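The next block holds one structure in the form of structure tokens; read it before the comments.
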Amino acid sequence: MRSGATSETILAFDFGAKRIGIAVGESALRTAHALSTVAVPAEQVLDSVAKIVAEWKPARFVVGRPAHEDGTPHAMTARCERFARQLSARFRLPSSFVDERYTSIDAETALREQGVRTKNQRGQSDSLAAAFILERYFESLT
């Protein structure tokens with residue numbers, strides 16, 4: 001971050017069909033922390049996110065954009081992009097996309113290395129994947 005630039009709180013999302021992992025970070029520190037996982041019916045997701053937005057007061061959103069291994073879009077890509085548009089419209093904040101390929105695998109590996117059993121990883125891996133997405137965003141700023 002450039003000298004004199006202000007720090008912004010950023011919320012990142014690992015979008016999934018059943019769960020959405022959420023992480024928070026500060027742009028000046030360029031650190032990301034797993035926050036929570038939202039697993040509610042699709043029509044209630046933005047209401048659940050609203051509580052987190054009210055608490056953290058982010059300046060922007062970062063959404064992990066899923067794609068095939070070669071980078072081409074697939075069915076979840078369109079759903080994720082729609083989610084990002086809904087976030088931006090509802091909260092009047094900008095959204096950025098980051099390639100999310102392998103972040104879920106990286107999160108599961110990290111949790112396994114910490115001794116978290118596979119059956120206990122479900123919610124933790126989604127929010128940790130969101131933290132990895134946010135770290136990728138910060139890396140892209142340099």
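Everything quoted here is computed from the prediction, not taken from an experiment.
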Discussion item. Please check this pair: side chain of Ser88 against backbone of Leu93, looking for a donor-acceptor N/O pair closer than 3.5 Å.
Written reply: yes
Practice prompt. Dump the intermediate steps for salt bridge (charged side-chain N to carboxylate O under 4.0 Å, His left out) on Asp126 and Lys18, then the final yes or no.
Written response: CA-CA 10 Å; Asp126 297 315; Lys18 295 181 181 177; over 6 Å; no
Discussion item. Contact between Glu100 and Phe132 at the side-chain level, heavy atoms closer than 4.5 Å - yes or no?
Written reply: no
Discussion item. Taking the side chain as everything from C-beta on, heavy atoms only, tell me whether Phe97 gets closer than 4.5 Å to Val62.
Written reply: no
Worksheet entry | Neighbour count above 12 (heavy atom, 6.0 Å) for Glu69 CD | no
Discussion item. Distance alone, cut at 3.5 Å: any donor-acceptor contact between the side chains of Ser127 and Ser36?
Written reply: no
Practice prompt. List the steps and the verdict of side chain to side chain contact (heavy atoms under 4.5 Å, CB included) for Arg85 and Ser95.
Written response: CA-CA 8 Å; Arg85 286 191 305 273; Ser95 291; over 6 Å; no
Worksheet item: Hey, what do you get for CZ (Arg82) to CE (Met76), rounding to the nearest 0.5 Å?
Response: 12.0 Å
Item to complete: Please assess Leu141 against Arg30 for the test side chain to side chain contact (heavy atoms under 4.5 Å, CB included), listing each intermediate value before the final yes or no.
Response: CA-CA 10 Å; Leu141 299 177; Arg30 294 187 178 217; 3.6 Å; yes
Worksheet item: Side chains of Leu11 and Leu35: closer than 4.5 Å at any heavy-atom pair?
Response: yes
Worksheet item: Out of curiosity, does Trp56 fall in the hydrophobic cluster containing Tyr137 (side-chain heavy atoms, cut-off under 4.5 Å, transitive links)?
Response: no
Worksheet entry | Minimum side-chain heavy-atom gap Val63-Val98 below 4.5 Å | no
Discussion item. My understanding is that only residues two or more places apart in sequence, or in another chain, count here; which of them pass side-chain contact (heavy atoms from CB on, under 4.5 Å) with Pro73?
Written reply: Arg65, Thr77
Practice prompt. State, with a plain yes or no, whether a side-chain heavy atom of Val49 is found less than 4.5 Å away from one of Leu87.
Written response: yes
Worksheet item: Roughly how far, to the nearest 0.5 Å, is CD1 of Ile20 from CZ of Phe83?
Response: 4.0 Å
Worksheet entry | CD1-CD1 distance between Ile10 and Ile133, expressed to the nearest 0.5 angstrom | 13.5 Å
Discussion item. Can you give me the closest heavy-atom contact between Ala34 and Leu128, atom names plus distance?
Written reply: CB-N, 3.8 Å
Worksheet item: If we only count heavy atoms from C-beta on, is the Phe61 to Pro58 side-chain gap below 4.5 Å?
Response: yes
Worksheet item: What distance separates Phe13 CZ from Ile22 CD1, expressed to the nearest 0.5 Å?
Response: 5.0 Å
Fill in: Smallest separation among heavy atoms of Ala131 and Ala32, with atom names
O-CB, 3.4 Å
Fill in: Lys51 side chain vs Ser48 backbone, donor-acceptor pair below 3.5 Å
no
Fill in: Interatomic spacing from NE2 in His74 to CZ in Arg79 - rounded to 0.5 Å
11.0 Å
Discussion item. If you define the side chain from C-beta out and look only at heavy atoms, does anything of Arg19 sit under 4.5 Å from Val38?
Written reply: no
Discussion item. Between Val24 and Thr9, is the side chain to side chain contact (heavy atoms under 4.5 Å, CB included) condition met? List the steps.
Written reply: CA-CA 7 Å; Val24 64; Thr9 298; 3.7 Å; yes
Worksheet entry | Nearest-0.5 Å distance that lies between atom CD in Glu139 and atom CG in Leu134 | 10.0 Å
Worksheet item: Within a reach of under 6.0 Å around CZ of Arg90, are more than 12 heavy atoms found that belong to other residues, nucleotides or ligands?
Response: yes
